[in-house]
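Structure first, commentary second.
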Amino acid sequence: MPCTIFCVGHPLIDMQVRQAEDLITKYNLKANDAILAGAEHEPIYEELVRERQVVYVAGGAAQNTARGAAYVLTKPHSVAFAGCVGDDDLAEQLRAANQREGVIDAYQVKKGQKTGACAVLISDGHHRSLVTTLRVAKDLDEGHLWSPTVAPLITSSKVIYLEGYLFTHRPEVSIRLGKKVSEMGKILVVNLSAPYIPRLYSAQIQEIMPYCDIIISNEAEAEAWAVSNNHAEPTNMSLVAKAIALHPKANPTPPRIVIITHGAHSTTVVCADKPDRPKIYPVPSLKEEEIVDTNAAGDAFAGGFLGAYVLEKSLDECVGTGHRLAAMCIGQEGPQYKWPNTRS
Ligand code: ADP
Ligand code: MG
Ligand code: MG
């Protein structure tokens, strides 16, 4: 089946547990936080399976985005997701979510290895402490992307989407992929994903940037990029978006689009061909009771935006679709969309 959007990232299964106050104390975690598991946290995953009622939900930033884009699109447009998993139950659960939601699964499976997971420890009703163990997710091989089953998904796609977390391990795989697809005339989209990405992996981000046609970030990531690049006004989103838009680009067309979301605040968009005319889009406000879980709102936004983008909608409509998918994701526990999609 031809593919329209090809997403790459760390496949992770979210393991949600409620009333996790004791675990937060035991593992010395903060109630509202997101960390990579250290050796001291590793036993938590087994403990959850053994002793708790775990709700398994498909997660992983780019996979959330792929599922969001699939929600917006209907055939003949389709969305694929590539990442590295083990040959275990967790991979089966991720695969089932993709299948249910119409995402083509292009997983690399490593025998005897474990699929990445994110412990989502919910305390006092709405606090969330996320503890991620990447396991085999960090080991995606370049050869897999260009294998006979996966390469056609890339070559038929219009858009290639990379989550920023990819730049923490084996960045050369993502940078070479970005360069190659840009040379093929595809639209390369990168999400900065977390403030520590532009902060700690600034060199890798600089290396991929010339190939990027669209860059998506939230306000904290944009600020971190600006600080890493000695920008004079790192909290001025219009100016930071302009600086990212005007960063050197390998292909002169299309002009780069930079999108900075900011939670409930307005979303800022700057196109490189009109760098001094930022577009500011207000976010439709949500009532307190409509906000169930803001986790993965930005991933959902990216999915909505890209779905509309490949349908050749206007920029205004793409941002509007992004905001709608984000609101839908926020209205539910975990990164989920309201399937079945009765809209189409
Ligand atoms: P990230 O999840 O990457 O931090 P944001 O927090 O900027 O991304 O959220 C992305 C989008 O989700 C926003 O542009 C907005 O549409 C929606 N959103 C996030 N938080 C809220 C909120 N509190 N109220 C309404 N919409 C929100
Ligand atoms: Mg946010
Ligand atoms: Mg985000």
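Here the structure is a predicted model, which means the values were calculated and not measured. Ligands are counted one by one from 1 in listed order, and the atoms in each one are counted from 1 as well.
- Under the 3.5 Å distance criterion, the side-chain polar atoms of Arg256 are matched with a main-chain donor or acceptor of Ile244.
- Here Glu142 does not pair with Lys180 in a salt bridge; the nearest charged N to carboxylate O distance is not below 4.0 Å.
- At least one donor-acceptor pair under 3.5 Å links the side chain of Asp213 to the backbone N or O of Leu188.
- Between His41 and Tyr27, the ring planes are tilted. Angles from 30° to 60° get that label.
- Judged by distance alone, the side chain of Arg67 and the main-chain N or O of Pro335 form a donor-acceptor pair under 3.5 Å.
- Side-chain atoms of Thr115 do not come within 3.5 Å of backbone N or O of Val85 as any donor-acceptor pair.
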Measure from every N or O atom of ligand 1 to the protein's N or O atoms and keep only the pairs below 3.5 Å, writing each with atom names and distance to 0.1 Å.
| unit_1 | atom_1 | unit_2 | atom_2 | d |
| --- | --- | --- | --- | --- |
| ligand 1 | 2 (O) | Gly298 | N | 2.9 |
| ligand 1 | 4 (O) | Asn218 | ND2 | 2.8 |
| ligand 1 | 7 (O) | Thr261 | OG1 | 2.7 |
| ligand 1 | 7 (O) | His262 | N | 3.3 |
| ligand 1 | 7 (O) | Gly263 | N | 2.8 |

